[in-house]
2 protein chains.
Amino acid sequence: MDGDAASPRERYRAQVQGEIKQHAWEQIATTGVSALSLKAIAKHLGMSGPALYRYFAGRDELITALIRDAYRSLADTLRAAYDSGAEVAGLAHAVRDWAQSDPHRYFLIYGTPVPGYHAPADTTAISNEIMTVLTGAFREAGVPPSDSPFEAHLDGHRQWAADPSVPTAALRRALSFWTRLHGVLSLELAGHFAGMGIDPALLFADELDDLLRP
Amino acid sequence: MDGDAASPRERYRAQVQGEIKQHAWEQIATTGVSALSLKAIAKHLGMSGPALYRYFAGRDELITALIRDAYRSLADTLRAAYDSGAEVAGLAHAVRDWAQSDPHRYFLIYGTPVPGYHAPADTTAISNEIMTVLTGAFREAGVPPSDSPFEAHLDGHRQWAADPSVPTAALRRALSFWTRLHGVLSLELAGHFAGMGIDPALLFADELDDLLRP
DNA sequence: CGCGTTAGTTAGAAGCTATAACGCACTTCC
DNA sequence: GGAAGTGCGTTATAGCTTCTAACTAACGCG
C-alpha cells in the first residue's frame with residue numbers, strides 16, 4: 001500500500017534509525033553486545049544522550065532490532081546462495097563465511113541468549129525461511145530415509161517445515177546440518193580450538209562431508 | 001608443602017571467597033552473567049560495596065574464578081562417570097545432565113565469549129582433562145580409522161592429546177562428540193527448538209548414536 | 001602485649017539506562 | 001498565510017553500576 005511513499009519525517013526517521021543501527025554494529029563488532037552503549041552511539045552520531053530514545057524505546061528494543069536484522073542478513077545470504085545454484089556444501093560455506101565476517105553478529109543470534117529479550121514472531125518466521133532453504137537443499141541432494149527413533153518422531157512433528165513434500169529424512173539432515181555446523185563454528189569463533197593446533201576449517205569440511213554421506 | 005595448614009586469616013579469606021562465589025552462582029543461575037552485580041552480592045553477604053574488592057580484584061577476576069570452577073565441575077563430573085564405568089553414551093548423558101542442571105553455567109563456558117576474559121593456563125589444562133576422558137572412552141569403544149582429510153591433518157596435530165597411544169580415529173571421534181553434542185545442547189538450552197515442537201532429547205540421542213556407528 | 005597486616009567502612013568519581021520537563025522546528029490543516 | 005499540532009533534541013535528574021581513595025578497627029604473629 002504505502003510502499004516507499006513515506007513522508008519526509010518518516011524517511012528521516014528511518015534513516016536515523018539506520019545510522020543508529022550501523023554504529024551499534026560497529027560497536028558490537030569490536031566489543032560485543034554486552035558493552036553496547038546507547039550513550040556512546042549518540043555521541044558518535046553527534047546528538048546527546050536521551051535523543052536516541054525517540055528512535056528506540058530502550059536498549060532491549062535496539063538489540064531486538066539488531067537481532068532481527070542479523071537473522072534477515074543470514075536468511076538473505078543463504079537464499080541468495082541457494083538461488084544461484086549452491087547445493088548443501090555451498091550453503092555450508094556461505095554460513096561459515098557469514099559467521100566469520102562478523103563473529104559477534106553470529107553470537108548475537110546463536111550464542112548465549114541475551115536476558116530480557118524474547119524473540120518476536122517475525123524472527124521465528126525468518127528462522128523458518130532459513131530452515132526452508134536447508135531442507136530444500138537436502139531434498140535435492142537426495143538423502144535416504146533412516147529408521148532412527150528421532151526420524152520417526154520427526155515424522156509426526158514436522159509442522160515447522162513449510163513444505164510437506166520434503167521427505168522427513170531431508171528434514172532430519174537439515175537439523176543435523178544446523179546443529180553440527182553450529183557446534184564447530186561456535187567453538188571455533190569462541191576460540192576453543194586456539195590452543196590445540198588443529199585447523200577448524202578441516203574439521204568443518206569433514207563434518208560437512210559426513211552430513212552428505214548416505 | 002603447606003597443604004591445608006593455612007593460617008586462620010587464610011582460612012577465613014578462603015571461606016569468604018567461597019561464599020562470594022556461591023552467591024554469584026545463585027545470581028547467575030537466575031539472571032545470567034551479564035547482570036552479575038558485585039554490589040548485590042555484597043549486600044546479600046551483609047557487607048557493603050567495595051569490601052568485595054579485598055577478595056576479588058574486580059568483576060572480571062570473579063568471573064574468571066567462576067569459569068575455572070565451572071570447568072572444574074564439568075571435568076570432575078565426567079571423570080567420575082568415567083571412573084564408575086561409563087562408556088561414551090554415559091559420558092554424553094552426564095554432560096547433558098550437567099548442562100541442563102544449570103544452563104547459565106554451561107553458557108559461561110561454551111557460550112558467547114565474555115569480553116575482557118582471557119583463559120588462564122589452568123582452564124586449558126582442565127579442558128585437556130576433559131578431552132582425555134573423551135578420547136579414552138572412544139579408544140575403548142574401538143572406532144575404525146578413516147581416510148578423511150581432517151583425520152590425516154589430525155595425525156600430525158595431536159599434541160593436545162596427552163596419551164600418544166590413543167588412535168587418531170578416537171581423537172577425531174572425541175572432537176566430533178564435543179562439537180556435535182555442543183551444537184545440540186547449545187541450541188536447545190538457548191530455546192531455538194522451542195517453537196518447533198520437536199524433542200531435543202531424541203535429537204541428542206540420535207546424534208550420539210551416529211557418533212558410535214562404524 | 002605491642003605493632004603490622006588485613007578487613008571493613010564511607011565518600012566519591014565516572015560510567016551506564018532511562019525518565020521528565022522544556023524549547024524549537026517542521027508539518028498540516030483551515 | 002497563519003495557527004495548531006506533532007515530533008525531535010536539549011538539559012536535568014534519579015538510580016544503578018564498577019572501581020579508587022582514605023580512613024578506622026580488629027586480628028594475629030612475634
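The chains referred to below are lettered A, B, ... by the order of the sequence lines, with proteins before strands, and numbering in each begins at 1.
The side chain of R13(A) lies closest to dC8(D) when the candidates are dC8(D), dT9(C), dA7(C).
Applying the side-chain hydrogen bond (donor to acceptor under 3.5 Å, both in side chains) test to Q159(B) and every residue at least two apart in sequence or in another chain returns nothing. Taking T168(B) as the reference, D155(B), R158(B) meet the side-chain hydrogen bond (donor to acceptor under 3.5 Å, both in side chains) condition, with sequence neighbours excluded. Partners of E129(A) according to the side-chain hydrogen bond (donor to acceptor under 3.5 Å, both in side chains) rule, which considers only residues two or more places apart in sequence or in another chain, are R72(A).
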Output a table of donor-acceptor pairs, distance under 3.5 Å, between side-chain atoms of residues 27-34 of chain A and any protein atom two or more places apart or on a different chain; print 'none' if there are none.
residue	atom	partner	partner atom	Å
Q27(A)	NE2	A35(A)	O	3.4
T30(A)	OG1	Q27(A)	O	3.0
T31(A)	OG1	Q27(A)	O	2.9

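Among pairs with a residue in residues 92-112 of chain B, those fulfilling salt bridge (Lys or Arg N to Asp or Glu O under 4.0 Å) read R96(B)-E188(B), at least two apart in sequence or across chains. Residue pairs satisfying the side chain to side chain donor-acceptor pair (under 3.5 Å) criterion with at least one member in residues 194-207 of chain B, sequence neighbours excluded, are listed as follows: S148(A)-D206(B), R172(A)-D206(B), R172(A)-E207(B), S176(A)-E207(B), R180(A)-E207(B). Pairs of residues two or more places apart, or lying in two chains, that qualify as ring-ring contact (aromatic ring centres under 6.0 Å, His included) and include a residue from residues 36-81 of chain A are H23(A)-H44(A). Residue pairs meeting the salt bridge (Lys or Arg N to Asp or Glu O under 4.0 Å) criterion with at least one partner in residues 81-92 of chain B, sequence neighbours excluded, are R79(B)-D83(B). Applying the salt bridge (Lys or Arg N to Asp or Glu O under 4.0 Å) test to pairs two or more places apart or on separate chains, those with a residue in residues 110-122 of chain B are R68(B)-D122(B).
The OH atom of Y82(B) sits 15.0 Å away from the CD1 atom of I130(B) when rounded to the nearest 0.5 Å.
The phosphate of dG9(D) (OP1 or OP2) has a side-chain N or O of Y12(A) nearer than 4.0 angstrom. The phosphate of dG9(D) (OP1 or OP2) has a side-chain N or O of Y55(A) nearer than 4.0 angstrom.
Atom C1' of nucleotide dG7(D) and atom CD of Q17(A) are separated by 13 Å, given to the nearest angstrom. Here dT10(D) presents its C1' atom at 17 Å from NZ of K43(A), a figure rounded to the nearest Å. One can place CG of L52(B) at 12 Å from C1' of dC19(D), the figure rounded to the nearest angstrom. Per the geometry, CZ belonging to R11(B) stands 16 Å off P belonging to dA7(C), to the nearest Å. For Q15(A) and dG7(D), the CD to C1' distance is 17 Å, given to the nearest whole Å. Rounded to a whole Å, the CZ atom of F56(B) is 16 Å from the P atom of dT20(D). Rounded to whole angstrom, the span from the CD atom of E10(A) across to the C1' atom of dC26(C) amounts to 14 Å. To the nearest angstrom, C1' of dC8(D) lies 14 Å from CG of L45(A).
Less than 6.0 angstrom separates the ring centroid of F193(A) from the ring centroid of W178(B).
For DNA chain C, each stem of at least three Watson-Crick or G-U pairs (distances under 3.5 Å) is given as range with range: C:1-30 with D:1-30.
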Using a 4.0 Å cut-off on protein heavy atoms (strictly under), produce a 5'-to-3' string for nucleotides 11-18 of chain C with B for base contact, S for backbone-only sugar-phosphate contact, and - for none.
-> B----SSB
Contact state string [nucleotides 22-30 of chain D, B base, S sugar-phosphate only, - no protein heavy atom under 4.0 Å] | B---BBSS-
